[in-house]
Colleague: 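Pasting a structure here, questions to come.
By convention in this document, chain letters (A, B, ...) are assigned in the order of the sequence lines, proteins followed by strands, and residues within each chain are numbered from 1.
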Amino acid sequence: MAKPRVIYWFRTDLRLHDSPALKAALDLEPAVLWPVFTWDPHYVYRARGGTNRWQFLLDCQNDLSESITKLNPNSKLFVLREGPQTLFPKLFKAWKVTHLVFEKDTDSYGRERDEAVAEAAEKAGVQVIIRSGRTLWDSEQVVTKHGGKPTMSMTALLSASKKIGDVPRPIPSPKQLPDPGEMPVDFVQHQPDTKPDINAERRTNNDTGYKHIAGPCGDFAIETLDELGFVPATTPHKGGETRALKALDAIIKDKEYTATFEKPKTSPAQFDPQSTTLLSPFLHFGALSVRELYWRVQDVVNSYGSAASAPPASLTGQLIFRDMYFAAQAAIGPHFQQTAGNGHCRFIPWHLPSRLDPATGLTTGDYHVDSEQADEWFRRWKQGVTGFPWIDALMRQLRHDGWIHHLGRHSVACFLTRGGCYVDWERGAEVFEELLLDHEPACNAGNWQWLSCTAFFSQYFRCYSPISFGQKWDKHGDLIRRWVPELQNLDAKYIYEPWKAPIQDQKKAGVRVKGDGLRDVEVGTYPKPMFDFNERRDACLAAMKTAYGVGLYGDDERVSTGTWREMFPESQGEIQGRFDSDSGENADDGDEDGDEDGDEEGDGVGGKRPRKASSATASKKLKT
DNA sequence: GCGAGAGTTGGACGT
DNA sequence: TACGTCCAACTCTCG
């Protein structure tokens, strides 16, 4: 029998070490092996992605390609610019492929795509081999061992995984790779739909990504940001398996750090270097195997003795949480990314709710503006001009670097949702999806649900203060000074609350606390806080209490029909305003009165606009 | 079915 | 500085 002709399809497993799928491909003893990456238009036009994450991906691809070439000078990572669903059927034929091998994807689009590709392969007589490799334990197996239910707690994950067994030991990198075969592409390139383009506002140059299937020089080169029409990245964090393994070596070398790591004791304010490992972006792109990380850490922990930390706070605990979210997503499916239709996510009548596709019930990526005030708060949060320096510093660090500490994420997420703006967690998740280098759909959705107290966590009375929480870690405000240069010279006494600084202190520091950070921004100013935090915390807490009392979940019929309103008291201050679900216009904005004066209680039920007396006082307080 | 205790990492105040 | 206690009170797990 002729020897196999194998395509190894790299996706989010951009590494050579510990790849069960790559091992399966090599076990076939192929005559030829093509290491292929398909530049999938779905991710370019339909999924949110900022330029920093593209850059990190390109770093990973370039590094992987070099590593492949080191093992076989005739080979590299071959990038083809077409969606895999249309490309593979043509490749199977043109390259006389016998096997297609890849790592199992865990996300909804990925699974759908893989099914289509596998079906096409079957039609073409190509054998498909899939291996799980993205998580400690195969998420589908975890779900099965958990009775088909999602793992909504660490206990649940640990008891299910215990039935599977130990995390597999990592597989060493291959020592050699076969030659690639001939690569004719004398077939018609399928042009992708470039509209709608969810990344349009970030695509400032000419997009030539799909001009030639094998790239501008016809050599299957790795694409560039320029080719895709993206501006250069700003992040200092670089990708690639080589860097990942080197960074891991450095961490493991520090036995004490590795063995005694406790996440809650690491500072969200520390940067350069940060207080945590910053390995998550590598995990996301598969440049680092999660099992490699797990066992390298666990071996240190085992030899360290009883002083070592343990899950959930320890390093391996962080990885176990990751698996928990993956397994929860595996059980719930695409609805895990949203409240609507998700029976495990509590319904809270947040502002700025997602628009839903009536056909699928899934979110469209757009949202209803039920409250102009909340929308402004959301925009100020996103841009890092809330007037709360701790929040603004983190949001600016996130935008520029693509990474912030986990507790920083807690802080800004709590602030946007249950502890400040009362804006839908899905809005925040979308911003993280765009900006985070390590954006992992399952972890992102899971953590936003956690922080908004809609799933996984429910102690909504534990609220992060945008002032005290930062102060606890960073009295002098170094993180703020780094990311909010307007406040660089402000006395530490006022750095977390610059609006409290007397005019002469502001003058001395060369800054005026003025404006809203969005309109007519003057040089040398920093915005006033967008609300009185204590007022907002009280309003949100009361609203959360009401919503918990109502006790609706995302899959409840009353959520989809809108009759949930009957269950909430009309006098509830903090509740989603009405909007016309067809046009998306705010139906009760006609007699707009609540927003000019910064009154945050402007939205009522059924067109009524109840006000709390305290809100007026809150606005006045801010003006002093 | 019930109660006790635990639960990734809050804040304010005390010793 | 590190660690307790209270605040007012959530869900889940386990016995």
Colleague: Centroid separation under 6.0 Å, is that true for the rings of A:F456 and A:W448?
Modeller: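 Centroid separation for A:W448 and A:F456: 6.0 Å or greater.
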Colleague: Map every base of DNA chain B to its dot-bracket character, where paired means a Watson-Crick or G-U wobble contact with both distances under 3.5 Å and | marks a partner outside the strand.
Modeller: .||||||..||||||
Colleague: May I ask you to say what A:F321 touches in the nucleic acid, namely base, sugar-phosphate or nothing, with a heavy-atom cut-off under 4.0 Å?
Modeller: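 Base: the residue A:F321, judged by heavy atoms under 4.0 Å, touches a nucleobase.
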Colleague: Mind checking A:E262 for me? I need base, sugar-phosphate or nothing, with any heavy atom below 4.0 Å counting as a touch.
Modeller: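 Nothing: the residue A:E262, judged by heavy atoms under 4.0 Å, touches no strand.
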Colleague: Looking at A:E292 and A:R15, is any side-chain nitrogen of the basic one under 4.0 Å from a carboxylate oxygen of the acidic one?
Modeller: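 Looking at A:E292 together with A:R15, the answer is no, because their closest N to O distance does not fall below 4.0 Å.
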Colleague: Looking at A:R134 and A:E440, is any side-chain nitrogen of the basic one under 4.0 Å from a carboxylate oxygen of the acidic one?
Modeller: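 A salt bridge is present here (some side-chain N lies under 4.0 Å from a carboxylate O).
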Colleague: So what does A:N534 touch, heavy atoms closer than 4.0 Å: a base, only the sugar-phosphate, or nothing?
Modeller: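 Counting heavy atoms under 4.0 Å across all strands, no contact is made by A:N534.
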Colleague: Would you confirm whether the ring centroid of A:F531 sits within less than 6.0 angstrom of the ring centroid of A:F388?
Modeller: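 So the answer is yes for these two rings.
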Colleague: Identify the heavy atoms of A:S452 and A:M544 that sit nearest to each other, and give their distance.
Modeller: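 Nearest heavy atoms, A:S452 then A:M544: O-CE, 3.6 Å.
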Colleague: Within the structure provided, determine whether A:Y304 and A:E256 are in side-chain contact (heavy-atom separation under 4.5 Å).
Modeller: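 A side-chain contact under 4.5 Å exists here.
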Colleague: Please name the residue in the list A:Q337, A:H368, A:R427, A:Q338 that meets the side chain to side chain donor-acceptor pair (under 3.5 Å) test with A:S354.
Modeller: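 Going through A:Q337, A:H368, A:R427, A:Q338 one by one, the side chain to side chain donor-acceptor pair (under 3.5 Å) with A:S354 is satisfied by A:R427 alone.
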Colleague: What does the B/S/- profile of nucleotides 9-15 of chain C look like, 5' to 3', with a 4.0 Å heavy-atom cutoff to protein?
Modeller: BBS----
Colleague: Suppose you measure atom C1' in C:dT13 against the same atom in B:dG1; what distance do you get, rounded to whole Å?
Modeller: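 About 14 Å, rounded to a whole number of Å.
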